[in-house]
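FYI, the numbering just counts along the sequence from 1. Values in this document were obtained by computation on a predicted structure and should not be read as measured data. Counting starts at 1 for both ligands and their atoms, following the listed order.
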Amino acid sequence: MNATDYPATTASAAPGAGALEENLWPATAALDPDGVLRVGGVRVDTLAARFGTPAYILDEDDFRARCAAWRRSFADCDVYYAGKAFLCRAVARWVAEEGLHLDVCTGGELAVARSVAFPPERLLFHGNNKSVAELRAALAYGVGRIVVDSFAEIDRLGALAAEAGVRQRVLIRVTPGVEAHTHHYVSTGQEDQKFGFSLAGGAAAEAVERVLVAPGLQLVGLHAHIGSQIFDTAGFGLAAHRMVGLLARVRDTHDLELPELDLGGGLGIAYTGEDAPLDVDDVAERLLAVVGKECAAAGLAVPRLAVEPGRAIAGPTTVTLYEVGTVKELPGLRTFVSVDGGMSDNIRTALYDARYTARLVSRPGAATPGVVTIVGRHCESGDVVAHDVPLPVDVRPGDLVAVPASGAYHRSMASNYNHVARPPVVAVRDGAARVIVRRETEEDLLRLDTDPAAEPTPTVAPGTAAASSAQAR
Ligand code: LLP
């Protein structure tokens, strides 16, 4: 089944609805003649009735197709899906089935991979402060590569690997000094930040020396990740150029040609019609060309390349489905449309001032669009889902509204703020829907909250210092 098997019914949609904007909606999204959105062949009104709202609706075919496209574009390279974008067991399985590798950056993400028996040699472990327990878990599972990020970690991992009697393959995370043109919270190539070893400052060269003499470590390559939500190939090209320069220096200094170069993730996606994402094929062509040319100039064999897309695979596959609860018109100011989710299921608007679009998806609505601000249900005014979006003027309570491009860094960054239960992730495919992450319940929320009344109260012996300070309080 692929995207084209779903007839695009946008042409027959009612006048107010308009066609689905290109690039913004999951590949199988289409509008039925009555204005209802369908994803994966399932109508969203059916989904809302069955699974409730809010809910993340994930187009499985689109996810798999994106994995396959990355593999095709980066043939003979290793494509690591960055699990931080969105990870659950079903997704880990799809990633494995589609032949991708997986980048994990915590013990929790590793646990998901382990729980589906993800092939350990296809795992890569990131993080600037991995704990000893996490490193031990990675070694025990036989994770293919660990990306070391600090001198302390080189010592720590070297000792743990030696103790475990293994030789762990590692990459060194390098800060190439490239400013990616993106939000500064997600920009990681420039010098002044917590990740990696500075190339310009010489720390990267020193890290190479230290790893080479660490007993339990085998240096296989270098890694750089310059940032996220990037729309310009220049930064990737410059980083690749500098990293090959470092490979050449390693060869000159240590008479060693490192076989691997990982250039990270970061490809931007469209959140609104104003974003123009790069084409994966073009990025692949550009990176391979830069690396090929620079290696030829330096007399190096071309290393095996790796990339780590997260957002570009997961982001466009998902829409968040909300129900409208109230519409508040402030004459001369603004119309607020409140939905039943908000900053607990999408923190990106508040955190990065991210822009989103949205549309009415349960009926066509009036032909005339009004400009509204979609807000959530949380107790603060920064709880905005989408600023200034065109929704039909007659939007009203009970309507379903969908926000596209919400597959990456939405569920994975969701919180329980205000004791709101996190929404489910529902995978749709071939006209069928299945829950791959269930909705939290109030019981889930209460499970972690240990009620002192139900527990034995800690006893304090009378007359002790602790007892008198307790009395003083
Ligand atoms: N590799 C490394 C080492 C990373 O740190 C990241 C993302 C990726 C790959 C994947 O990058 P992507 O292809 O998804 O851009 N929460 C932010 C994004 C944080 C990105 C963190 N690292 C957001 O919502 O925009």
Indicate yes or no for a side-chain donor-acceptor contact from Y81 to the backbone of F86 under 3.5 Å, with no hydrogens or angles considered. yes
Counting only heavy atoms, which portion of E308 has something under 4.0 Å from ligand 1: side chain, backbone, both, or neither? both
Side chains of T233 and R286 only: does a donor on one sit below 3.5 Å from an acceptor on the other? yes
Check side chain to side chain contact (heavy atoms under 4.5 Å, CB included) between A224 and all other residues, then give those that pass, not counting sequence neighbours. P176, M243
Where on D103 is there a heavy atom closer than 4.0 Å to ligand 1, on the side chain, on the backbone, on both, or on neither? side chain
Could you pull out the closest heavy-atom pair between Y56 and A414, with the gap in Å? OH-CB, 4.0 Å
Are any of the N/O atoms in R348 less than 3.5 Å from those in ligand 1? yes
Using distance alone, determine whether G266 and ligand 1 share an N or O pair under 3.5 Å. yes
Can you list the ligand 1 atoms lying under 4.0 Å from a non-hydrogen atom of G310? 12 (P), 13 (O), 14 (O)
Give the intermediate values and the outcome of side-chain contact (heavy atoms from CB on, under 4.5 Å) for residues L124 and D78. CA-CA 11 Å; L124 173 104; D78 294 324; over 6 Å; no
R173-ligand 1 polar pair, N/O distance under 3.5 Å: no
Determine the interplanar angle of the H378 and Y417 rings, folded into 0 to 90°, and report it as parallel if under 30°, tilted if 30 to 60°, perpendicular if over 60°. parallel
Just which atoms of ligand 1 are under 4.0 Å from any heavy atom in P309? 13 (O)
Gap separating the CD1 atom of I313 from the CZ atom of R311, nearest 0.5 angstrom: 13.0 Å
If you count the atoms of ligand 1 from 1 in the order shown, which ones are under 4.0 Å from a heavy atom of A82? 8 (C), 9 (C), 10 (C)
Consider ligand 1: state whether an atom of it lies below 4.0 angstrom from any non-hydrogen atom of A85. no
Side chain or backbone of F195 under 4.0 Å from ligand 1, or both, or neither, by non-hydrogen atoms? neither
Give the table of side-chain donor-acceptor pairs shorter than 3.5 Å for residues 207-218, with sequence neighbours excluded, one pair per line with atom names and distance.
from, atom 1, to, atom 2, distance (Å)
R210, NE, E206, OE2, 3.4
R210, NH2, E206, OE2, 3.0

Examine R311 against ligand 1 and note whether any of their N/O atoms are separated by less than 3.5 Å. yes
